[in-house]
Participant: 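I have a structure here, written as structure tokens, and I will follow up with some questions on it.
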Amino acid sequence: MLRISPAPLDSAALLKTFEQDVGNAGGIVSFSGRVRSAAQAGKVTGLHLQAYSPMTETGIEAAMSEARQRWPLTHSLVAHRIGDMVPGDTIVFVATASKHRRAAFEAADFLMDYLKTEAVFWKKETTPSGDLWIEPRSEDYSDAARWSAE
Amino acid sequence: MLRISPAPLDSAALLKTFEQDVGNAGGIVSFSGRVRSAAQAGKVTGLHLQAYSPMTETGIEAAMSEARQRWPLTHSLVAHRIGDMVPGDTIVFVATASKHRRAAFEAADFLMDYLKTEAVFWKKETTPSGDLWIEPRSEDYSDAARWSAE
Amino acid sequence: MTKILYFGRLSDVTGTAEERLDLPDHVETAGALRSWLDLRFEAKGALLEPSVRIAVDSEIIFDDEPLTQANEIAFMPPVGGG
Amino acid sequence: MTKILYFGRLSDVTGTAEERLDLPDHVETAGALRSWLDLRFEAKGALLEPSVRIAVDSEIIFDDEPLTQANEIAFMPPVGGG
């Protein structure tokens with residue numbers, strides 16, 4: 001399931017609903033990413049995330065579909081916030097469920113790498129010295145490259 | 001933090017508390033393992049998990065300490081249920097927090113491998129044809145061996 | 001009229017996130033559009049960077065591909081969420 | 001008296017999870033304890049398996065190590081939770 005919305009994300013509530021949907025599948029992995037108060041440009045007071053529908057949705061759905069092909073998942077969820085946020089807000093929540101815990105870990109990791117480097121989002125940080133658009137770090141690209149190197 | 005108890009585990013509530021403790025750290029990974037209704041011996045109607053204090057606690061704390069040495073974690077949590085459970089019950093909840101999402105993923109994965117293969121627990125499944133003590137699968141051992149091969 | 005979108009840092013360069021334009025006849029490909037708009041905005045090459053991709057009606061196209069019947073054209077700098 | 005614990009499947013073999021015993025004088029090492037108890041329970045080698053480890057007062061010891069002043073001895077078959 002994919003959800004992109006400017007509404008606040010509540011990881012605990014999302015995990016609860018996900019676990020109910022999943023039933024008895026053995027293992028569930030979740031990742032919550034939050035807006036940091038410090039980043040490349042120093043202190044961050046706000047973050048704006050821009051999406052481009054339907055390219056953003058299409059791309060994430062394709063990544064979720066690839067994850068289901070590569071790993072035996074019973075369920076997966078990507079919830080991504082867009083619009084204006086402040087430090088501490090949850091910006092992304094990903095959950096995967098599988099009978100095999102290795103599959104759940106790897107698929108969540110894979111989806112996060114996709115979201116960080118390939119998902120159609122643009123990110124702007126507000127700092128005391130002005131606003132700054134942030135593009136992926138080289139670390140994000142090398143993380144994502146792991147999956148195609150296999 | 002380590003918690004071993006026969007009380008039911010509520011993953012969503014544990015994640016909520018963990019996120020509050022963690023504050024603004026960038027990424028949080030969680031793993032919830034639940035009692036399956038089907039296993040090696042067919043249908044499972046109940047599970048009993050036995051610990052041996054303080055060896056169980058000492059071992060898990062050592063693994064958590066090793067995880068903190070290997071990865072730049074800001075927080076980690078292992079909550080493990082013991083005693084009698086039924087399918088669908090959460091048996092283990094692990095959470096890790098780090099500024100680096102790769103670190104949070106790897107540390108949670110590492111802790112789960114420890115819990116599956118080295119943590120001092122004994123597991124008995126109740127099936128229609130009787131009770132059966134379960135020892136780790138070879139898959140669990142090969143998962144755990146990944147960490148020492150590095 | 002064609003809708004043109006400038007995402008991320010490009011909207012700072014162009015001063016707008018969205019506009020509607022009649023494309024001149026000689027602007028037939030994605031590459032020609034880049035050159036024309038980069039001059040028009042005095043963008044000093046910001047719209048020419050290979051890392052900036054162009055989507056026509058939600059499909060990424062190469063610079064030598066035609067803009068035929070485009071309703072919406074997006075200039076997309078490097079992406080990344082989470 | 002020494003407290004002896006049998007964990008996991010071993011309690012099915014011995015019929016008890018816990019007992020208190022006076023160890024005979026000749027049972028001075030972990031290995032000797034294995035042999036003595038395996039015979040006593042007619043356990044057919046279940047207590048002799050190398051995968052079954054012995055802990056004395058919460059420390060794993062080898063078969064040739066002494067049981068000196070042991071208060072609690074545990075027979076631990078292969079472990080694994082989660």
Side-chain angles (χ1 to χ4, degrees), chain B residues 2 4 9 31-36 40 47-60 62-63 78-83 85 90-94 108-125 130-141 143-144, chain D residues 1-21 23 29-31 33-34 37-38 41-63 65-82:
Chain B
L2 171 62
I4 296 174
L9 292 178
F31 178 86
S32 321
R34 343 240 321 252
V35 180
R36 299 183 204 174
Q40 285 148 294
L47 185 138
H48 176 80
L49 201 75
Q50 196 175 37
Y52 178 28
S53 268
M55 287 193 77
T56 307
E57 289 84 350
T58 306
I60 297 175
V78 171
H80 214 295
R81 189 162 170 196
I82 54 174
M85 289 160 256
T90 298
I91 181 170
V92 61
F93 181 82
V94 166
D109 196 4
F110 168 84
L111 289 170
M112 277 310 305
D113 280 340
Y114 173 83
L115 291 166
K116 281 278 182 184
T117 56
E118 295 183 60
V120 178
F121 290 112
W122 296 274
K123 195 193 273 191
K124 185 170 64 176
E125 289 177 352
D131 289 359
L132 194 67
W133 289 96
I134 303 297
E135 293 174 3
R137 300 163 300 162
S138 57
E139 181 185 326
D140 293 319
Y141 285 121
D143 282 346
Chain D
M1 299 279 277
T2 306
K3 189 201 257 187
I4 318 273
L5 303 172
Y6 306 99
F7 283 103
R9 61 177 156 80
L10 296 180
S11 61
D12 294 346
V13 172
T14 61
T16 182
E18 180 176 336
E19 61 180 347
R20 283 170 189 282
L21 288 177
L23 302 185
T29 62
L33 179 67
R34 284 181 194 264
L37 289 173
D38 198 76
F41 285 114
E42 297 178 5
K44 293 174 184 151
L47 300 180
L48 306 178
E49 290 170 20
S51 66
V52 171
R53 293 177 299 173
I54 292 184
V56 170
D57 296 328
S58 299
E59 292 283 341
I60 302 283
I61 66 165
F62 290 108
D63 278 5
E65 293 187 71
L67 302 173
T68 325
Q69 295 180 313
N71 292 307
E72 183 175 285
I73 301 174
F75 281 78
M76 302 169 61
V79 296

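The analysis underlying the following values was restricted to heavy atoms, covering all of them including side chains, and did not include hydrogens, waters or symmetry mates. To find a chain, count down the sequence lines: A is the first, B the second, and so on, and within it residues start at 1.
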Participant: Can you tell if the side chain of B/Arg81 reaches within under 4.5 Å of the side chain of B/Thr90, non-hydrogen atoms only?
Facilitator: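 Counting from C-beta outward, B/Arg81 and B/Thr90 never come under 4.5 Å.
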Participant: Does a side-chain heavy-atom distance below 4.5 Å link D/Phe41 with D/Leu10?
Facilitator: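 With C-beta onward as the side chain, the pair stays apart.
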Participant: Taking heavy atoms only and a threshold strictly under 4.5 Å, list by residue number the residues of residues 66-75 of chain D that touch chain B; give 'none' if the list is empty.
Facilitator: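 Answer by number: D/Glu72, D/Ala74.
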Participant: If you count heavy-atom pairs within less than 4.5 Å of chain D, which of B/Val120, B/Val94, B/Thr56 leads?
Facilitator: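 It is B/Val120.
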Participant: Between B/Val92 and B/Met112, is there a side-chain heavy-atom distance shorter than 4.5 Å?
Facilitator: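 Side-chain contact under 4.5 Å: yes.
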Participant: Closest approach of D/Gly8 and D/Pro77, non-hydrogen atoms and distance?
Facilitator: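 D/Gly8 and D/Pro77 have their closest heavy atoms at CA-CG, 4.2 Å.
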Participant: Would you please test D/Thr14 and D/Ile4 for side-chain contact (heavy atoms from CB on, under 4.5 Å) and show each step?
Facilitator: CA-CA 11 Å; D/Thr14 61; D/Ile4 318 273; over 6 Å; no
Participant: With no hydrogens and no angle check, is any side-chain donor or acceptor of D/Arg34 less than 3.5 Å from a backbone partner on D/Glu49?
Facilitator: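 Yes; at least one donor-acceptor contact below 3.5 Å.
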Participant: Are the side chain of D/Asp63 and the backbone of D/Thr29 linked by a donor-acceptor contact shorter than 3.5 Å?
Facilitator: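 Not at all, since once roles are kept as given, no pair shorter than 3.5 Å links the two residues.
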Participant: Report which part of B/Tyr52 has an atom under 4.5 Å of a heavy atom belonging to chain D: side chain, backbone, both, or neither.
Facilitator: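 Its backbone and side chain both get close to chain D.
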